[in-house]
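Take a look at the structure below.
Because the structure is a prediction, the values reported are computed rather than measured. For ligands, and for the atoms within them, numbers begin at 1 and follow the listed sequence. For the numbers below, each heavy atom of this structure counts, side chains included, while hydrogens, waters and symmetry mates do not.
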Amino acid sequence: MENNERMLILVRYGEVFLKGLNRPYFLRALVKNVRQAVKEEGAEVWLHDGRIFVAGFTDLEQCLERVCRVFGVHSACPAVEMEKEDFGAVCRRAAALMEGLTGSFKVSARRSDKRYFLDSPHINAEVGGAVLEANPALQVDLHHPDHVLNVEIRDKAYLYVRVAPGVGGMPSGTGGKAALLLSGGIDSPVAGWTMAKRGVSLVAVHFHSFPYTSDRAKEKVLELARLVGATCGGMKVCVVPFTHIQTEIHEKCPEDYTTLIMRRYMMRIAERIARQEGARALITGESLGQVASQTMEALAVTDAVVEMPVFRPLIGCDKSEIMDTARRIGTLATSELPYEDCCTVFTPRHPATRPRRERAEEGEARLESEALIQEALAGVETVLV
Ligand code: ATP
Ligand code: MG
């Protein structure tokens with residue numbers, strides 16, 4: 001190959017950039033996560049000069065896709081790396097890189113090696129000229145170009161045109177840990193993914209009502225946990241036996257409050273598990289007004305039993321928006337498999353949409369709350385996905 005040329009991927013990070021004094025910490029986490037993501041590609045990853053480099057992969061497209069899915073990656077650019085000393089060769093390579101493109105372009109040079117014999121405006125002009133000469137179908141447009149040919153002069157020269165958008169967000173592991181209440185539905189996996197995108201590590205809590213809900217329903221939840229966990233370093237799933245609590249509520253509490261009271265027990269148990277797991281917040285997939293238990297009044301009565309902050313990242317989303325995200329992140333098909341959820345087994349005919357806290361408490365006073373919670377906690381089964 002001419003001039004020791006090779007293909008690599010230049011990774012651009014977004015918000016990590018803004019983190020001021022904590023920047024090295026976020027960057028280290030991002031490099032570690034990119035490295036983990038491309039391990040199977042045999043690629044090496046390093047940080048140099050404020051950029052993350054990925055090289056040594058066998059399949060560029062596959063590697064690029066993996067890089068773009070890492071939280072904290074703003075975009076990734078397949079780039080040609082070559083020696084910079086022979087500037088004629090750099091121009092020829094740039095022209096070849098633009099081959100087959102039509103419309104307008106501009107060259108955007110960046111020279112971090114300030115001793116290089118040409119400055120950025122001159123690099124722009126020279127490379128631009130070479131591209132035009134070799135590609136008559138292209139014109140220069142400095143303001144609204146169809147293509148930007150980036151030329152970076154560092155310890156080597158880097159040329160790239162293509163910019164693949166990354167998922168954005170913050171590097172996994174930098175946003176603390178939270179417990180995700182994960183059902184088999186469409187919403188909660190999306191809620192978990194949305195928080196994971198902000199760098200949050202997850203531990204999942206799933207309430208299982210055997211035999212009203214089957215082992216297949218549980219498997220489905222584990223699969224959803226696997227799909228979401230794959231984006232954020234895996235997750236532990238705590239499966240909580242919930243049948244006894246549900247039958248007790250069903251027998252002893254006012255029917256229009258059963259769903260709400262059930263949700264309150266879920267929150268209480270999830271909070272205890274969160275504490276044990278070192279998590280500092282709870283995450284649910286609720287969206288305002290979607291069902292009776294998701295009105296403002298109902299959410300307030302639900303939250304009254306826990307001290308931890310409850311994150312509801314989908315609170316302002318429409319179902320169709322949530323479904324779009326579920327499709328994009330690959331959880332929709334699994335969520336849509338038929339299953340029974342513990343919520344649907346004991347659904348009241350007329351759930352209260354404006355519940356009062358006192359009335360929920362009156363209902364709960366008929367239950368051996370602490371004993372039921374302890375029994376459920378004692379039966380927790382944990383699965384690492
Ligand atoms: P989803 O699609 O996530 O199941 P949903 O719209 O069906 O949500 P609900 O069934 O009212 O809503 O549940 C609201 C939230 O409560 C869920 O998003 C989830 O966070 C939590 N949740 C519901 N059922 C369970 C369960 N069996 N285990 C754990 N969390 C649950
Ligand atoms: Mg549900």
Side-chain angles (χ1 to χ4, degrees), residues 178-196 202-210 212-222 224-225 227-228 235-243 245-246 249 257-274 279 281-295 298-299 301-303 305-306 308 310-315 317-323 325-327 329 331-348 351-353 355 376 380-381 383:
L180 167 66
L181 283 84
L182 183 63
S183 71
I186 293 169
D187 306 332
S188 47
V190 175
W193 181 87
T194 307
M195 295 310 296
L202 302 174
V203 53
V205 181
H206 174 65
F207 297 91
H208 187 53
S209 309
F210 190 80
Y212 299 101
T213 59
S214 65
D215 272 341
R216 246 195 33 230
K218 189 166 89 185
E219 273 311 312
K220 179 183 169 181
V221 170
L222 294 180
L224 289 170
L227 291 170
V228 176
M235 70 169 106
K236 186 176 187 180
V237 184
C238 302
V239 181
V240 185
F242 204 51
T243 318
I245 292 180
Q246 280 195 299
I249 294 171
Y257 271 63
T258 51
T259 306
L260 186 75
I261 291 174
M262 186 192 75
R263 309 259 327 114
R264 281 162 58 97
Y265 279 96
M266 283 188 182
M267 299 302 261
R268 290 182 175 109
I269 292 169
E271 185 179 54
R272 304 244 190 142
I273 293 176
L282 304 177
I283 302 169
T284 75
E286 287 152 319
S287 106
L288 193 67
Q290 196 187 75
V291 289
S293 59
Q294 297 176 25
T295 62
L299 293 175
V301 178
T302 305
D303 282 3
V305 297
V306 289
M308 280 187 187
V310 181
F311 295 144
R312 297 186 169 89
L314 310 182
I315 196 70
C317 295
D318 296 350
K319 193 74 187 186
S320 61
E321 293 170 316
I322 299 170
M323 287 176 77
T325 309
R327 199 172 293 117
I329 66 172
T331 55
L332 186 64
T334 305
S335 289
E336 281 182 337
L337 293 173
Y339 82 112
E340 332 76 40
D341 184 49
C342 64
C343 301
T344 48
V345 178
F346 299 95
T347 308
T353 52
V380 170
E381 177 200 346
V383 185

Proximal ligand 1 atoms for Thr284, defined as those under 4.0 Å from one of its heavy atoms: 20 (O)

Which bit of His208 gets closer than 4.0 Å to ligand 1, counting heavy atoms only: side chain, backbone, both or neither? neither

Atoms of ligand 1 under 4.0 Å from any heavy atom of Ser188, numbered from 1 in the order shown, are 1 (P), 3 (O), 18 (O), 19 (C), 20 (O)

Taking distance alone, with N or O pairs closer than 3.5 Å, would you say Asp187 contacts ligand 1? yes

With heavy atoms under 4.0 Å as the rule, classify the contact between Leu182 and ligand 1 as side chain, backbone, both or neither. backbone

Do any nitrogen or oxygen atoms of Met266 lie less than 3.5 angstrom from nitrogen or oxygen atoms of ligand 1? no

So for ligand 1, is Gly184 a polar contact partner (N or O within less than 3.5 Å, distance only)? no

What atoms of ligand 1 come closer than 4.0 angstrom to any heavy atom of Ser293? 11 (O)

Would a 4.5 Å heavy-atom cut-off, applied to side chains only, mark Lys218 and Glu381 as touching? yes

Report yes if Ser183 has an N/O atom closer than 3.5 Å to an N/O atom of ligand 1; otherwise report no. yes

Within-4.5 Å side-chain heavy-atom neighbours: Val380 and Val239: no

For a 4.5 angstrom cut-off between non-hydrogen side-chain atoms, does Val240 reach Val205? yes

Ile249 vs Tyr265 side-chain heavy atoms within contact, under 4.5 Å: yes

Side-chain heavy-atom pair Pro351, Ser293 within 4.5 angstrom cut-off: no

How about Ser188 and Ser183: does a side-chain donor come under 3.5 Å of a side-chain acceptor? yes

Among His206, Glu286, Arg263, whose heavy atom sits nearest atom 21 (C) of ligand 1? Arg263

Polar-atom distance check: Ile283 versus ligand 1, any N or O pair below 3.5 Å? no

Any idea which atoms of ligand 1 are less than 4.0 Å away from a heavy-atom of Gly185? 1 (P), 2 (O), 4 (O)

If you count the atoms of ligand 1 from 1 in the order shown, which ones are under 4.0 Å from a heavy atom of Ile186? 2 (O)

Assess whether a salt bridge exists between Glu336 and Arg327, defined as any Lys/Arg side-chain N lying under 4.0 Å from an Asp/Glu carboxylate O. no

Should Gly285 be counted as touching ligand 1, given the test is an N or O pair under 3.5 Å? yes

Please could you name the atoms of ligand 1 that Gln294 approaches to less than 4.0 Å, counting only its heavy atoms? 6 (O), 9 (P), 11 (O), 12 (O), 14 (C)

Using a 4.0 Å heavy-atom cut-off, which part of Val205 comes near ligand 1: side chain, backbone, both, or neither? backbone

Quick one, Glu286 and Val291 - any side-chain contact, counting heavy atoms below 4.5 Å? no

Leu181 and Phe207, any side-chain heavy atoms less than 4.5 Å apart: yes

Is any side-chain N of the basic residue among Arg312 and Asp303 closer than 4.0 Å to the acidic one's carboxylate O? yes

